[in-house]
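Okay, so here's the structure we're looking at.
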Amino acid sequence: MIAPAGSGGPARAAGSVQAAGSGRAAGSGRRRPKAIIVGAGIGGLAAAGALRRVGVDVEIHEQASELRAAGSALSLTANARVALRCLGIDLDVERRGQVYPELHFRTAAGRPIRTVRFAHLGDRVGAQNVAIHRAELHRALLAEAGDPPIRLGSAARRFHRHHGGIRVEFADGTSADGDLLIGADGFGSAVRRQLVGPERPREPGYVCWLATVAYRHHLVRDGYAAHYWGRGQRFGLVHLGGDNVYWWGTRNMPPEAARDWRGGRDEILRAYAGWADEVVETVAATADAAVISVPARDRPALRRWGDGAVTLLGDAAHPMLPSLGQGAAMAVEDAVVLARCLAGATDLPGALRRYEAARRDRTRRMIRQAHSLSRIEQLASPAGDLARRAYLRWLPTRLVDRRNLADLTFPDALPAAGR
């Protein structure tokens, strides 16, 4: 049920929306709690689907005027898929996307450095990594959420306690009441800003270009995934199935230039002149309008994610650099752990603190790893480039597997309940 701001209908888009806690838990006299979710991205929709599985009603508010997945493609890694399985959720992502069993590291010219294999790790943890277009994952999550009320053009401004619950006020003067509030509103989260105050992002000084395109090359098939390393810039190329590929590129530049990049495909082509044929040809096959540009940025880990009946999820809680490819997976893990902590809970704030405690160390480690790896990946000096390649080439396989296995294993444990 989707309604734009200013319309009537099931999402109660005008005035104060449905009162908190109107539903009843099936087969009991206890009313179902209601969560207000701010943000209809991957994290918000994952939370909606997960909470539905444990008997929590949701209402989603999204500041965009239309419900569509911004971005190009992403990795839904094994840990996220195993987490969803804990709630009986199967998004059928192997049909919707493409399993990538290994990752090839290559020089800018395309010469092999190393191949890191994931398939045997996927067998150990119970799922394989999948590359999937963001829009496909968005549709799958929306279907799992069961057509929840979604209000578009609804930008959160502030929240406060109201009649034992939470009231969220929006930019258009409307409000929504619920028993709890989940801030899944991304990097510039309004919910986070009220909880922790103004913050400055960390900006390591490079731009990220993203796109998907129909392109054929004899190398880029059957789940091909590769990272090409140059000095101060990189390129990623991932087969999405059929003739579709996802590519991303990075290039060092001052943070203010990365923030305000306004170039086009021709500028990107110049940046990758002389690189491997499949790199150059993929960029050349991409329309200007298909290229998305975002500055590289993250934030240090928070010590506190919430207060009372309010918490954060996904990039609102722990934005990280893209080097590990775990951003979407961490949001999905958050959603599953949040749902499991809220299942049957009578002390909702206590359940939210359990969720935060269960997620804090793992997400802090991911932020730290991604930040450190990003510095190595973007090295621009000849000596740094040589050392980086030598390190990757000769690092023992058992150490590579150990590190990847830690990331790809969903930590299926929760703190003791305090219901």
Side-chain angles (χ1 to χ4, degrees), residues 35 37 39 41-56 58 74-97 99-100 118-119 121-132 134 136-146 182 184 305 311-320 322 324-345 351-352 354-367 369-370 403-415 417:
I37 299 175
I42 299 301
L45 292 182
L51 292 176
R52 175 188 178 217
R53 291 278 177 150
V54 299
V56 177
V58 303
L74 52 84
S75 294
L76 193 66
T77 46
N79 46 300
R81 298 183 62 199
V82 171
L84 289 169
R85 199 177 297 155
C86 292
L87 293 177
I89 297 173
D90 181 0
L91 301 178
D92 197 17
V93 292
E94 291 193 19
R95 180 183 62 82
R96 295 172 178 270
V99 170
Y100 60 98
F118 294 115
L121 301 180
D123 290 341
R124 287 182 62 178
V125 302
Q128 298 295 329
N129 298 334
V130 173
I132 185 169
R134 188 175 290 267
E136 283 290 338
L137 182 57
H138 212 252
R139 282 190 284 269
L141 289 169
L142 187 59
E144 174 60 34
I182 301 166
W305 289 17
T311 195
L312 301 172
L313 183 146
D315 281 351
H318 44 71
M320 59 190 68
L324 295 176
Q326 281 279 352
M330 288 299 102
V332 170
E333 284 190 9
D334 286 352
V336 170
V337 174
L338 174 65
R340 294 175 71 190
C341 288
L342 285 169
L352 296 186
R354 288 179 61 226
Y355 149 71
E356 294 159 6
R359 297 299 296 151
R360 191 172 291 113
D361 287 348
R362 179 160 167 84
T363 55
R364 180 185 291 118
R365 181 172 64 83
M366 291 289 186
I367 292 171
Q369 284 184 186
R403 293 177 186 180
N404 285 330
L405 189 62
D407 292 348
L408 296 175
T409 300
F410 173 59
D412 187 15
L414 298 176

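For the atom pair CG of Leu312 and CH2 of Trp305, the computed distance is 8.0 Å after rounding to the nearest 0.5 Å. Atom CG of residue Asp361 and atom OG1 of residue Thr363 lie 8.0 Å apart, to the nearest 0.5 angstrom. We find the CD1-CG distance between Ile42 and Leu141 to be 5.5 Å, quoted to the nearest 0.5 Å. The line from CG of Leu74 to CD of Gln326 is 11.5 Å long, rounded to the nearest 0.5 Å. In this structure, the separation between CG on Leu342 and CZ on Arg354 is 9.0 Å, given to the nearest 0.5 Å. Considering CG of Asp92 and CD of Glu136, their distance stands at 10.0 Å, rounded to 0.5 Å.
Under a 3.5 Å cut-off, the side chain of Arg96 and the backbone N or O of Ile132 do not form any donor-acceptor pair. In this structure, Arg81 contributes its side chain and Val93 its backbone to no donor-acceptor pair below 3.5 Å. For the pair Gln128 (side chain) and Ala119 (backbone), a donor-acceptor distance under 3.5 Å is present. Between the side chain of Asp334 and the backbone N or O of Gly314 there is at least one donor-acceptor pair closer than 3.5 Å. Here the side chain of Arg362 pairs a donor or acceptor atom with the backbone of Asp407 at under 3.5 angstrom.
Side chains of Thr77 and Phe118 form no contact here, defined as non-hydrogen atoms less than 4.5 Å apart. Using a 4.5 Å heavy-atom cutoff, the side chains of Glu94 and Val130 are in contact. Residues Gln369 and Met320 are not in side-chain contact: their nearest non-hydrogen atoms beyond the backbone lie 4.5 Å or more apart.
The minimum heavy-atom distance linking Leu51 with Ala35 is given by the pair CD1-CB, 4.1 Å. The two residues Ala328 and Ser75 have their closest heavy-atom pair at CB-O, 4.2 Å. Between Leu313 and Ala331, the shortest heavy-atom distance links the atoms CD2-O, 4.0 Å. The minimum heavy-atom distance linking Ala329 with Asn79 is given by the pair CB-ND2, 3.6 Å. Heavy atoms only, all atoms of each residue included: Pro411 and Glu333 are closest at CD-OE1, 4.1 Å. When every heavy atom of Ala127 is checked against every heavy atom of Val82, the shortest pair comes out as CB-CG2, 3.9 Å.
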With side-chain contact (heavy atoms from CB on, under 4.5 Å) as the test, would you mind laying out the steps for Val125 and Leu405 before giving the verdict?
CA-CA 8 Å; Val125 302; Leu405 189 62; 3.7 Å; yes
Please lay out, stage by stage, how Leu408 and Asn129 fare under the test side-chain contact (heavy atoms from CB on, under 4.5 Å).
CA-CA 9 Å; Leu408 296 175; Asn129 298 334; 3.5 Å; yes
Evaluate Arg340 against Asp412 for side-chain contact (heavy atoms from CB on, under 4.5 Å), listing each step before the verdict.
CA-CA 11 Å; Arg340 294 175 71 190; Asp412 187 15; 2.6 Å; yes
Just do the side-chain contact (heavy atoms from CB on, under 4.5 Å) check on Leu84 and Asp90 with the steps written out, would you?
CA-CA 7 Å; Leu84 289 169; Asp90 181 0; over 6 Å; no
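Partners of Arg360 under the salt bridge (Lys or Arg N to Asp or Glu O under 4.0 Å) rule, at least two apart in sequence or in another chain, do not exist in this structure. Remark: Arg124 engages no residue in a side chain to side chain donor-acceptor pair (under 3.5 Å) (not counting sequence neighbours).
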